[in-house]
Structure formats: C-alpha cells, structure tokens
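Heads up, the thing below is written out as structure tokens.
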Protein chains: 2
Amino acid sequence: MGRTSDAQNKILDAAKMLIEQRGYSALGVAEICSTAGVPKGSFYYFFESKQALALTVIDDHWAAQRQQWVELLSSDHDPLRRLRDLFEATENVQRTAQQKAGLVVGCLFGNLALELSNQAEEIRDRLQEIFAAQIDLIERVVVEAKDLGLAGASIDTRDTARSIVALMEGRALFAKLLNDPAQLEALWRNCLDLLQVPAQARAN
Amino acid sequence: MGRTSDAQNKILDAAKMLIEQRGYSALGVAEICSTAGVPKGSFYYFFESKQALALTVIDDHWAAQRQQWVELLSSDHDPLRRLRDLFEATENVQRTAQQKAGLVVGCLFGNLALELSNQAEEIRDRLQEIFAAQIDLIERVVVEAKDLGLAGASIDTRDTARSIVALMEGRALFAKLLNDPAQLEALWRNCLDLLQVPAQARAN
C-alpha cells in the first residue's frame, strides 16, 4: 500500500473509534469518511472495501497491543507479577477509554469475534490468529510459573492460558455492559485460582 | 399485546435466527419479514420497532433459558454436580445449534451485549438484568457448596459466581470464533479452580 498518508490515518482513526462505539455492521463508508473529514473518493484509493479497512484496523490494533503484551510479559518481574501487570494494564486501557469517551469500549477483538464470526471468513481467520497469539504469550509465562513451582504442578499450561484469555474476554464483556472498568479487577484473583497457586504463596 | 398469533411467532423465530447468525445491526425489518414469510405490514401490527422486537426476542430466550437453569441448578444433585450439569447443558445447546445450522451461535445475550451496550440503552438495561439474574442463580449454588465445605472456605460467593458467568461468556466466544462447542468443556475444570475445590474432592 506504500507510504501511509495523512488521509489514510484519519480514515483508520475514525473507523477504529466508530467500530469500538457501534460495531462494524452499523457503519457505512460515507459515515467513516465524514467522521474522518476526508472525501469519500479517497476511501477507495486506500481501501478496497469496508472489510479491508476493518482488517487494517484489527492489524494496527493488534500490533500496538502485542507490543504492550510482549513488554509486560517479558519484563524482569516474576511470572505471576507479569500476569498481574498485564491485567492492570488491560483495566487501565478501559479506564482511559472511559475517561475519554464516557464509555468502556471493551475488547475490539472480542466485539468483532461475536459480531462477525459467522459472516466474514477473513475477519474470523485473523481474529483466530490473534487469540492464538495471545494464548501463546500467556502460556509462556504460565510455563515459567509452573517450572518455578509458583503454579500448581498438575495444571495443563495450554488450557490454563486459554482460560485466562477467555476470562479476560468475559470480564471485558461485563466491563462494557456495566460501563465499569472495575469489572476487570477480579482477573488477578481468578488467575491465581486457575493457576492453582497455593494460598501461602498469594500474599503479594 | 394479547394472544400470540402465528405471524407474530414466525417473526420472532426468524428474528432470533437472523440475530444469532448476523447480529442486530445488520438486519432490516424487510429481511426479517421475508424470512418469516409474513407481509411487512404485519410487522408493525405486532412490534413498534426493530428494537421492540429485539427486546421480545431477548425476553423469550431468557424465559426458556431461565427455566432450564432453574431446573438444573435446583435438582437433587449435590451443588458441584448441578454446576457441571449446567455447563454440559450449555455445551449441548451450542452443539445442537451447530448440528442444525452448521455454526456455533454463541450466547445471544453476550453477542448483543458487545454489539449494542453503547448504543441501545433499553437493551443494555435488559441484558444487565439478565446477567445479574444468572449470577444470582449460580451464587445460590456456590453458597450451598461453600456451606457444605465442598468449596474453599475463603471464597467470595458473589465474586466467584460472577467469574463463573464471565468464563461461560469467554468460552462461548471461543466456541463461536472457532466454531467448536468443545471449547466449553473446560468450564467444569475451571469452575473447580475458581471454587477452590481441594484436589482430593475432585475425583467425580
């Protein structure tokens, strides 16, 4: 697609904001362009279709989020603390969005997964890859915690990582439904349960 | 609204199927009526608006699901077994939908919560009530399990019940995204963790 232009960025920003607020189906290209302040003609110069735009929004959002996840999950902190850092950062993202727009926006990937899984094969494929990558990143830390004896010796690391991501999505759903970022606070306690961390190791 | 007519039921069935497949925003009244095989004029005889229809779909679905939840969660089985029965029934609902339509439809309430929370106040309110009622039903069983010493003595019953429902939603999201009802199988194992059930009590 060559060099990213200002108009392209404006379209991407407007699309992300509108998709977070109202989902994908409710939007039209004309509205995206008018929110972005660019002429409708320029849309099709940058994007083949509304779906192509959605895929770029998804990829951009994952590139930024992945960087944050990798930084937090590969820090010098012990594995359990790294997971806690991730949950706190996730809650902060929702809190910041709420302060800015008045509304908890939830997880862009979860929102689109439920809205589009059964209608847009290419978007479903991309979201499957992203969730698999999230589970991979979490699993590495779970393996470390298990190897260090910080987590239960009998946990299935893959399944536990998948459950942690599922719980993040479920709690993000409640945060959005109740417009309440504090719904994400339980993630840390629940994660300790799913990791079967013994009571005496939970002091921190 | 008086006696339910055949045309009204046809509209409700078609709307439920279409909302499960494609969400709310992507649908128009004309498509709902053509799928239902009723003239468009009759739609507004029964429903004030598309949103009024969606609320009726939600209420009907919850009436049926609530009945199933109450039956399973107040059976003669011990509390943990009753929770397991609920998870199995939930997985079976998704499996049956997949066999019928080829697709896991996910949770109607979760789907609509993520799609509409920030756009349709009345739907958001209704979904908040339904999730609160689900958490109530689960909490009663969690309290029983705790009182019987089947669950950890230090768990917060309300918070644990909320986490169980959040996990059901997160796993339903994966089931839909991957078109794989088996994603719900982990609920039972995860629930034992969240309830802090001791290892020696997990044999069943």
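Sequence lines set the chain letters: A, B, ... in the order given, protein chains first and strands last, and positions in each chain run from 1. None of the values given here were measured: they were computed from a predicted structure.
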I'd like to know if the side chain of Asn118(B) and the backbone of Val105(A) have a donor-acceptor N/O pair within less than 3.5 Å.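 The answer is no, because no donor-acceptor pair under 3.5 Å joins these two groups.
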Short side-chain to backbone donor-acceptor contact, Gln128(A) and Leu177(B), under 3.5 Å: yes
Non-hydrogen atoms of chain A under 4.5 Å away: do they reach the side chain of [X], the backbone, both or neither?
{"X": "Gln21(B)", "value": "backbone"}
{"X": "Ile164(B)", "value": "neither"}
{"X": "Asp156(B)", "value": "neither"}
{"X": "Arg162(B)", "value": "both"}

Does atom CD (Glu122(B)) have a neighbourhood of more than 12 heavy atoms from anything else shown, all under 6.0 Å?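 No, CD of Glu122(B) has 12 or fewer neighbouring heavy atoms, counting only those of other groups under 6.0 Å.
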Counting only heavy atoms from other residues, nucleotides and ligands, does the tally under 6.0 Å from CZ of Arg158(B) exceed 12? yes
Approximate separation, where rounding is to 0.5 Å, of Asn190(A) CG and Asp159(B) CG: 6.5 Å
How many angstroms lie between atom OG1 of Thr160(A) and atom CG of Asp193(B), to the nearest 0.5 angstrom?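 Interatomic distance, Thr160(A) OG1 to Asp193(B) CG, rounded to 0.5 Å: 7.0 Å.
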Among Glu169(A), Gln119(A), Gln183(A), Glu20(A), which residue forms the greatest number of heavy-atom pairs with chain B at distances under 4.5 Å?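 Among the listed options, the one with the most contacts to chain B is Gln119(A).
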Heavy-atom pairs under 4.5 Å with chain B: which of Gly23(A), Gly106(A), Ser25(A) has the most?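 With the most close heavy-atom pairs to chain B, the winner is Ser25(A).
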Do the side chains of [Y] and [X] get nearer than 4.5 Å, heavy atoms only?
{"X": "Glu115(B)", "Y": "Leu114(A)", "answer": "no"}
{"X": "Phe109(B)", "Y": "Leu173(A)", "answer": "no"}
{"X": "Phe131(B)", "Y": "Leu178(A)", "answer": "no"}

Determine whether Ser163(B) and Arg189(A) satisfy the following criterion, side-chain hydrogen bond (donor to acceptor under 3.5 Å, both in side chains), listing intermediate values before the conclusion. CA-CA 10 Å; Ser163(B) 295; Arg189(A) 295 191 294 281; over 6 Å; no
For a quick test of reading the model, state the closest non-hydrogen atom pair linking Arg124(B) to Lys176(A) and the distance between them.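 Between these two residues, the closest heavy atoms are NH1-O, 3.2 Å.
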